[in-house]
Protein chains: 2
Amino acid sequence: MQAEQQEAEFLRSYNIHDYDIPLTSVDIVIFTVQNFSLQVLLVQRAEHPFRLRWALPGGFIDIHRDDDLQATALRKLKEKTGVATPYLEQFAGVGNHTRDPRGWSATFPFFALINPEQLDLQSGSAVEDTRWFVLDELDQTGPLAFDHAQLIQAALQHLRHKVEYSSLPVHLLPESFTLSELQHIHEIVLGKNIDKSAFRKRVKEGDFLEAVPDGWRLGSNRPAQLYRLKQLQPLVYFQRPMIGR
Amino acid sequence: MQAEQQEAEFLRSYNIHDYDIPLTSVDIVIFTVQNFSLQVLLVQRAEHPFRLRWALPGGFIDIHRDDDLQATALRKLKEKTGVATPYLEQFAGVGNHTRDPRGWSATFPFFALINPEQLDLQSGSAVEDTRWFVLDELDQTGPLAFDHAQLIQAALQHLRHKVEYSSLPVHLLPESFTLSELQHIHEIVLGKNIDKSAFRKRVKEGDFLEAVPDGWRLGSNRPAQLYRLKQLQPLVYFQRPMIGR
DNA sequence: ATAATAGTGTCTATAAGACAATATACC
DNA sequence: GGTATATTGTCTTATAGACACTATTAT
């Protein structure tokens with residue numbers, strides 16, 4: 001077929017370096033809940049541009065190592081936190097000629113949810129320039145690199161919006177947890193309190209959790225049933241939003 | 001400051017062409033409602049790769065002409081439809097090494113909503129290889145270029161999800177319209193019927209429309225009040241989704 | 001027994017769904 | 001007056017919110 005030959009010839013003569021194209025990167029807003037607060041992971045840049053400023057973990061797509069954007073995000077996440085299986089979702093896209101002094105730059109921002117247990121596993125692999133920041137105290141870091149302050153705000157807005165309608169926060173908890181713990185996580189992320197009865201009605205109706213057989217959280221009080229996410233139930237949406245008091 | 005000198009020196013020696021980076025493009029899923037059906041605009045490619053296949057309007061970011069991603073999308077939209085002021089929103093991000101035969105490719109897909117009146121204004125500027133396709137009949141185009149069939153499905157899902165909760169469909173109508181017309185558009189996009197009374201209650205409560213003074217749609221029946229979008233009301237979210245019968 | 005948290009139940013408030021009733025034009 | 005569509009109202013249904021009540025363990 002002549003058409004196919006033409007197409008093959010076109011591809012042979014095509015050289016990407018003949019064109020001016022934007023830099024393309026992936027940035028990750030990694031959320032966790034620790035000490036009753038929502039936190040985000042930042043790294044202090046060791047290289048130019050914005051050397052020594054705090055920034056989101058991320059970087060350029062490695063077209064020789066990464067099969068797709070998700071692979072880039074997972075690679076960066078693994079490098080910084082050791083976590084291999086987070087909840088990971090791309091939530092926006094930004095590109096302009098002002099955000100990076102090296103030139104026209106575009107980024108695919110992801111947000112990731114991980115739980116503190118996954119973190120503890122990793123704390124040994126010393127990464128000096130990596131720290132968790134409480135979201136409300138981000139102004140104490142000095143200006144962030146690039147437009148990362150805006151990306152964090154966008155991620156937060158996306159997270160809160162989604163939490164109102166879905167079972168997303170289970171990914172901020174270890175594999176098994178009590179309903180009270182899950183409710184507490186919702187409250188921390190949303191920044192407001194939720195009625196216990198209404199919350200449990202919704203969770204029960206959403207049908208995305210299963211009781212851990214013989215799993216109980218013990219303490220100086222009535223023991224609580226442990227639950228875990230049902231398999232093949234990545235995300236459940238509620239009919240009406242979770243409104244606080 | 002030595003740090004600033006270092007940063008400046010770094011930027012001087014930085015050459016984007018030293019690195020292998022992905023191709024980066026913008027694709028636009030342009031929706032409109034005509035003849036009681038939701039339609040999407042496709043162009044037949046004149047160049048390799050995928051010559052003669054139908055594809056989404058879009059293309060590479062021109063880092064010399066476009067200030068940001070939105071500018072690229074608006075430029076492409078203007079070229080294909082003549083429409084300058086659509087509702088435009090970036091809704092996803094895709095990047096991998098298989099979607100484009102020229103190499104590792106990433107795209108920022110947008111969806112745009114335009115109304116048929118805007119279209120008529122443009123029909124003169126002949127673009128032979130541009131056509132509207134009814135969404136349910138997309139399988140009659142033959143395979144689309146790249147992964148554009150998937151992008152359209154993703155855009156449609158995003159659109160439907162958002163329409164359930166928001167005033168978005170006003171952007172598929174001309175500046176002024178009746179409530180019945182607005183309801184009809186909602187029904188076409190969602191593919192199901194909505195109760196008239198409930199719909200009006202919601203719209204009234206959302207408070208994003210205003211009556212056009214002395215504006216009436218006349219016919220062989222009771223005349224209907226014309227409404228238009230209030231200024232500074234780009235998008236209103238409802239508390240509960242719009243469920244059909 | 002007391003403290004503390006788990007878990008359930010009951011009533012209310014809000015908003016959507018069903019469906020009917022009324023309004024107002026053109027013919 | 002007849003027809004067609006606009007607009008409003010009433011009752012029902014579904015779900016969140018408020019709040020109280022019971023349950024179960026450790027100390």
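Note that these values count all heavy atoms, side chains included, but never hydrogens, waters or copies made by symmetry. The sequence lines fix the lettering, A, B, ..., with proteins before strands; numbering per chain opens at 1. It should be emphasised that the depicted structure is a prediction, and the values quoted were computed from it without experimental measurement.
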Of the nucleotides C/dC19, D/dT7, C/dG7, which one has an atom closest to the side chain of B/K196? D/dT7

Using whole Å, report how far CG of B/N193 lies from P of C/dA16. 18 Å

Check: A/V170 and A/L209 side chains under 4.5 Å, non-hydrogen atoms: yes

Round to a whole Å and report the spacing from CZ of A/F199 to P of C/dA6. 12 Å

Roughly how many Å is it from OH in A/Y165 to P in D/dT15, rounded to a whole number? 15 Å

A/R200 CZ to C/dG9 C1': how many Å, rounded? 13 Å

Under 4.5 Å between any side-chain heavy atoms of A/T24 and A/F108, yes or no? yes

Between B/E164 and B/R160, is there a side-chain N and carboxylate O pair less than 4.0 Å apart? no

Considering only side-chain heavy atoms of A/A198, which listed nucleotide, C/dC19, D/dA16, D/dT15, is closest? D/dA16

Tell me which residues in residues 210-223 of chain B lie within less than 4.0 Å of DNA chain C, going by non-hydrogen atoms. B/G219, B/S220, B/N221, B/R222, B/P223

Is the closest side-chain heavy-atom distance between A/L69 and A/F110 below 4.5 Å? yes

Rounded to whole angstroms, how far apart are CD on B/Q225 and C1' on C/dA23? 15 Å

What I want to find out is whether A/D68 reaches B/R99 closely enough, with some N-O distance under 4.0 Å, to be called a salt bridge. no

For the pair made of CD1 in B/I194 and P in C/dC19, what is the distance, rounded to whole Å? 17 Å

With a 4.5 Å cut-off on side-chain heavy atoms, are B/S180 and B/R200 touching? yes

Using atom CD of A/E164 as one end and atom P of D/dA16 as the other, report the distance to the nearest whole Å. 12 Å

Indicate whether any N or O donor in one side chain lies under 3.5 Å from an N or O acceptor in the other, for B/Q157 and B/Q153. no

Can you tell me if B/Q34 uses its side chain to pair, donor with acceptor, with the backbone of B/F36 under 3.5 Å? no

Looking at the side chain of B/S197, which of C/dT10, C/dT8, C/dC19 is the nearest nucleotide? C/dC19

Do the non-hydrogen side-chain atoms of A/I114 and A/L41 ever get within less than 4.5 Å of each other? no

Figure out the CZ/P separation between A/R202 and D/dG17, and round it to whole Å. 7 Å

Go through residues 172-185 of chain B and report each residue with a non-hydrogen atom lying under 4.0 Å from DNA chain D, sorted by number. B/S180

Taking only N and O in the side chain of B/K204, is any of them less than 4.0 Å away from OP1 or OP2 of D/dT7? no

Look at the side chain of A/K201 and the base of D/dT15, then say whether one donor and one acceptor between them are separated by less than 3.5 Å. no

Of the nucleotides D/dA16, D/dC19, C/dG17, which one has an atom closest to the side chain of B/D195? C/dG17

